[in-house]
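Each remark here refers to the structure printed beneath this line.
Counting convention: from 1, in listed order, for ligands and their atoms alike.
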Amino acid sequence: MITLYHCANARSFRALWALEEIGLDYELKMLPFPPRFLAREYLDINPLGTIPYLVDGETRMTESSAICLYLVERYGAAAMKVAADEPAYGAYLNGLFFGEATLTFPQTIVLRYSRLEPEERRLPQAAIDYARWFLARLRAVDAIVGSQDYYCAGRFTMADISIGYALLFANALGLDDDFSEALRGYWKRLSTRPAFLAALAAQERAGVEQGSGEPALNLRTG
Ligand SMILES: N[C@@H](CCC(=O)N[C@@H](CS)C(=O)NCC(=O)O)C(=O)O
């Protein structure tokens, strides 16, 4: 049985969504955010203190995009991945990495300096600058989803999960007010998928059962 350590709506949502899309059985362990401070015992499991943390037999993983790739390569249907000999293979890998390295990185700075730090340590200018940074980088996705339903290969793939999580994060931060029509449509296509909704329901259910407290990030819309 796969185990996923998760905080509601945090990057580990990518892994949770992938588990649901692929239809795998898993155990979800909910943690309060940030676990490094609020669940000190978690450091014995994952010394980084970050989530996601995925355990599958001897495998241990801490990178959300890599977990999506791992799950789909090991257990997923061909339709959800892009094979190395398909023309869209490069675009697929780019989307998988772009979602985390280029889109989510500036979002975490916005979150930290506008909400997580105590008032006296907040940096409104940093939050504004990195929100702009995020929106500028998002134009690359805008240009693609204006003319096609999914990021690449003419179908839903793990690249959509990686980028879709950045759209979820943007929704929770209120940055989606600046989305174009194309991005709004793409976000709607992703966030109404049965597996996306199942992942939301699973974290909610597990959060109540395990008493993990209020999420640090709340979605404004589903
Ligand atoms: N690049 C990693 C980043 C993992 C990460 O930093 N996760 C954040 C949550 S979104 C975290 O655990 N932060 C808590 C902390 O740094 O203490 C990934 O994509 O999973």
- Item | Atoms in ligand 1 flagged as close to Pro52, the criterion being non-hydrogen separation under 4.0 Å |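 That gives atoms 20 (O) of ligand 1.
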
- Item | Top protein contact for atom 12 (O) of ligand 1, by heavy-atom distance |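 Answer, as residue, atom name and distance: Ile51 N, 2.9 Å.
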
- Which residue supplies the protein heavy atom nearest to atom 6 (O) of ligand 1, what is that atom called, and how far is it?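 The protein heavy atom lying closest is Arg11 NH1, 3.4 Å.
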
- Just go through Pro35, Gly49, Ser64 and tell me whose heavy atom is the nearest to atom 20 (O) of ligand 1.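 Nearest option to atom 20 (O) of ligand 1, by heavy atoms: Ser64.
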
- Item | Closest candidate by heavy atom, reference atom 1 (N) of ligand 1, pool Glu63, Arg36, Arg112 |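 Among Glu63, Arg36, Arg112, the closest heavy atom to atom 1 (N) of ligand 1 belongs to Glu63.
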
- Item | Charged tip of Arg11 within 45° of Tyr165 ring normal and under 6.0 Å |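 Not flagged: Arg11 not positioned over aromatic ring of Tyr165.
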
- Evaluate the criterion side chain to side chain contact (heavy atoms under 4.5 Å, CB included) for residue pair Trp133 and Val110; output intermediate values, then yes/no. CA-CA 10 Å; Trp133 170 316; Val110 177; over 6 Å; no

- Which residues, ordered by chain and number, are linked to Met1 in its hydrophobic cluster, where ILVMFWY side chains connect at heavy-atom gaps below 4.5 Å, directly or through other members?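 Listed partners: none, Met1 stands alone.
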
- Should the ring pair Phe13 and His6 be called parallel, tilted or perpendicular, given that the plane angle runs from 0 to 90° and is split at 30 and 60?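 Rings of Phe13 and His6: tilted, as their planes differ by 30° to 60°.
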
- Query: Are Arg112 and Glu117 within salt-bridge range, i.e. N to O under 4.0 Å?
  - Reply: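 Looking at Arg112 and Glu117, the cut-off is met.
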
- Query: Does one side chain, of Tyr113 or Gln125, offer a donor that lies under 3.5 Å from an acceptor on the other?
  - Reply: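 Per modelled atom types, Tyr113 and Gln125 side chains form no pair under 3.5 Å.
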
- Query: Mind checking whether Ala10 has an N or O less than 3.5 Å away from an N or O of ligand 1?
  - Reply: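 Ala10 vs ligand 1: no N/O contact under 3.5 Å.
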
Counting only heavy atoms closer than 4.0 Å, does ligand 1 sit against the backbone of [X], its side chain, both, or neither?
X: Thr104; answer: neither
X: Glu100; answer: side chain
X: Phe33; answer: side chain

- CG-SG distance between Leu31 and Cys7, expressed to the nearest 0.5 angstrom: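 Answer for the CG-SG pair, Leu31 versus Cys7, is 5.0 Å.
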
- Query: Any non-hydrogen atom of Ile67 lying under 4.0 Å from ligand 1?
  - Reply: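 False for this residue.
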
